[in-house]
Amino acid sequence: MSVSTPALRDERAVRPGSRRKVADRYADRLLYAICLAAAILTGVTIVAVGYEVVHGALPAISKYGFGFLTSTIWLPNFGEFGAASLIFGTAVTSFFALLLGAPIAIAIGLFLSLLAPAGVRTIVSPLVELLAAIPSVILGFWGILVLAPFVQSNVEPFLHDNFGFLPIFGEPQTTGASVFTASLILTIMVIPIIASITRDLFTSVPRDLQDGASALGATRWEVVRGVVLPTTASGVVAASILGLGRALGEAIAVAQIIGAGSKINASLFETGDTLAARIANQMPGALTELHIASLYYLGVILLVIGLATNLLAQWIGRRFGYGGAVAR
Amino acid sequence: MSDAFDPAAPLTSSGNLRRRQLFSRLAMSGATAAAVAAVAVLVIVIYTVVARGASAINLDFIFKAAPAGVAPELIGTAIIVAMATAIAMPIGVLVALFVTEYAGRRATHLVKLTLDLINGLPSIIIGIFIFGLMVKGNKQSGIAGAVALAIIEVPLIARGTQEVLHLVPKNLREAADALGVARWRAMLTVVLPSAIGGILTATVLSVARAAGETAPLILVCSVFDPGSFSFNPFEAIPNVPVRIYGLSEEANPSGFTEAWGLSLLLISFILFASLGARALFARSKRKMSS
């Protein structure tokens, strides 16, 4: 190239083996090495997290083995630990959060992608995402002081009076701190996650398909039911699983509001506890080695569940197409 | 629809279409109601925080230490988040550069998967990780808190940077290549500067996320004295989320007022940062495409 530009004075730039060229080569390699190191560091981090958590749990693992998972006894003062009631609490709160949250979130995704006029969309879309930006500690604090009293004095009596024949709607307790209230807070947390992913999914459904259905006389709902949802079903499932992962792992807001009970109750209106909330509650004050190790054991369970849901969501998203918005 | 075609059927409407349209309209109003409900929850939460927190806030509250104010927590959170961002931003940007500029298909897939997994880790897990790594057998420290928050920030920054690096026009790179600019120089002086808007957006969003993150800090940076200005990074530094959490666990009405005030300050910072980042991103995107 320099041959064709005789005006180029700076010959150092073109002579092979010149200092500049050598420096460039080293700088290129250096930048590559730094970038590679950063990428490797992220991989090392995830491995180190796994190692450290399992390592911390070893005393409890060697003492209890898998029996830890089925024992409901958690008595730090007597050195007895078991995770069953916490696994139960985690499953119940996340299940109800998803049961309530996923349909609402999918409806919001439909509204934002197919129904709302452009003006409304540009306002509502960021607002829904802001819901995800509220720190969990504030949401939990709001939950204790505002939501819990309301739920305790209005929602729980209503459900108990009308649907009391179901054991899950038992007698309301004196404070609003309950599995039910925790599920409601988790619902608020999973909605923006699922809503923003499904919105992107629904927007990506080819316009032609929808127009085709409309031309055949389908109503708007029939377009959604017959075209939009079937083409994005796997993505919607993946989005819901991501939301589930968020609900499973939430520690602070749940710790504030679930009431830290240690029993398995059929009624949602009793107190309970989850894996993550128990760690947040007791780790700062844990004194004995076994107590700390047991809390780490809870962490191992949580980590396994968390990684599994995350990988499952990715796999479904990629495997069945339309994963772009989820995997990204 | 499944009925066989009957040529003798009368041509009057059966009411079927009306029913279908009614159902459709019901379903669509349900979707609208869901969106309204979500916005309503947001408004109610923010309204409560503003209504109950505003009375707590005055000059003493912002500039003095406990019991009158919360200045140490505010400064402490700023320090921890600044340290976390100083760690996370270079790493995040470098990872994004690696993915977009160097990595092959497999490496890209692997790095993205890793970032997604880190992003999906419950923050309490990051808390016990750092607790085991830096605090157990040692003591709580601001640095431990910063590292924990950095782990939360890296995937956010890397992902945002990656997206905007993909948007950098190809002809910019080609022009740099054609001028014989070395690759490292092109990346540092052409590619990164044109992506700076997006990188800053991602960073601001990650700062907003880290500022409210409580779970890891409870384990690694929570035993502090809210009454004194001491910001030794090798000891626990006062910070806002842990203080709100602590106050919310005590049944003490005056503590609640302080917690509402802190919540108001924190939530307004986060909302402004998120909205600002959005505006910034919209602007830089417009600039890049024009």
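Sequence lines set the chain letters: A, B, ... in the order given, protein chains first and strands last, and positions in each chain run from 1. The structure presented is a predicted model; accordingly, all values stated were derived computationally and were not measured.
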From [atom1] ([X]) to [atom2] ([Y]), nearest 0.5 Å:
| X | Y | atom1 | atom2 | answer |
| --- | --- | --- | --- | --- |
| B/Leu117 | A/Gln314 | CG | CD | 6.5 Å |
| B/Leu205 | A/Glu129 | CG | CD | 9.5 Å |
| B/Arg183 | A/Arg29 | CZ | CZ | 13.0 Å |
| B/Phe23 | A/Arg225 | CZ | CZ | 9.5 Å |
| B/Ile125 | A/Glu52 | CD1 | CD | 12.0 Å |
| B/Leu266 | A/Ile138 | CG | CD1 | 4.5 Å |

Is [X] close to chain A through its backbone or its side chain, or both, or neither, when contacts mean heavy atoms under 4.5 Å?
| X | answer |
| --- | --- |
| B/Ala208 | neither |
| B/Ile151 | side chain |
| B/Arg25 | neither |
| B/Leu110 | neither |
| B/Val154 | side chain |
| B/Glu249 | side chain |

Top of [options] for chain B proximity - count of heavy-atom pairs under 4.5 angstrom:
| options | result |
| --- | --- |
| A/Ile134, A/Ile188, A/Leu36, A/Thr45 | A/Leu36 |
| A/Ile191, A/Ile108, A/Val53 | A/Ile108 |
| A/Leu147, A/Ile104, A/Leu115, A/Leu112 | A/Leu115 |
| A/Leu139, A/Val128, A/Val146 | A/Val146 |
| A/Leu110, A/Leu127, A/Val49 | A/Val49 |
| A/Ile144, A/Leu131, A/Ile34, A/Leu295 | A/Leu131 |

**OP:** Measure centre to centre between the rings of A/Phe141 and B/Trp260, then say whether the value is under 6.0 Å.
**Re:** yes
Original post:
Where does A/Ala251 contact chain B at under 4.5 Å (heavy atoms): side chain, backbone, both or neither?
Top reply: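 Interface part for A/Ala251: side chain.
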Original post:
Checking A/Ala218 against chain B: side chain, backbone, both or neither under 4.5 Å from a heavy atom?
Top reply: backbone
Provide the closest heavy-atom pair for [X] versus [Y] in the form atom of the first, atom of the second, distance.
| X | Y | value |
| --- | --- | --- |
| A/Thr42 | B/Thr114 | O-CG2, 3.5 Å |
| B/Ile270 | A/Ala133 | CG2-O, 3.5 Å |
| B/Pro122 | A/Leu302 | CG-CG, 4.2 Å |

Subject >> Distance-only side-chain donor-acceptor flag, A/Gln256 / B/Ser248, under 3.5 Å >> reply: yes
Original post:
If only atom types and distance count, is the side chain of A/Asp24 paired as donor or acceptor with the main-chain N or O of B/Ala182 below 3.5 Å?
Top reply: no
Heavy-atom side-chain contact between [X] and [Y] under 4.5 Å:
| X | Y | answer |
| --- | --- | --- |
| A/Glu250 | B/Ile124 | no |
| B/Leu275 | A/Leu130 | yes |
| A/Asp28 | B/Arg185 | no |
| A/Cys35 | B/Val95 | no |
| A/Ile252 | B/Tyr245 | yes |
| B/Arg278 | A/Pro126 | yes |
| B/Leu113 | A/Leu311 | yes |
| B/Met28 | A/Val224 | yes |

**OP:** Assign the ring pair A/Tyr296 / B/Phe131 to parallel, tilted or perpendicular, where the plane angle (0 to 90°) is split at 30° and 60°.
**Re:** tilted
**OP:** Just give me the residue among B/Val223, B/Leu17, B/Ile118 that pairs up with chain A most often, heavy atom to heavy atom, under 4.5 Å.
**Re:**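 Highest number of pairs under 4.5 Å: B/Ile118.
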When the side chains of residues 212-221 of chain B are checked against the rest of the protein, which donor-acceptor pairs come out under 3.5 Å, sequence neighbours left out?
from     : atom 1 : to       : atom 2 : distance (Å)
B/Glu213 : OE1    : B/Arg209 : NE     : 3.2
B/Glu213 : OE1    : B/Arg209 : NH2    : 3.4
B/Glu213 : OE2    : B/Ser123 : OG     : 2.9
B/Thr214 : OG1    : B/Gly212 : O      : 3.2

Subject >> Non-neighbouring partners of B/Ser222 that pass side chain to side chain donor-acceptor pair (under 3.5 Å), sequence neighbours left out >> reply: B/Gln140
Original post:
So with a 6.0 Å cut-off around CD of B/Gln21, is the heavy-atom count from everything else above 12?
Top reply: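 Atom CD in B/Gln21 is crowded, with more than 12 foreign heavy atoms closer than 6.0 Å.
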**OP:** Applying side chain to side chain contact (heavy atoms under 4.5 Å, CB included), run through A/Leu30 and B/Trp184 and close with a yes or a no.
**Re:** CA-CA 9 Å; A/Leu30 182 67; B/Trp184 69 276; over 6 Å; no
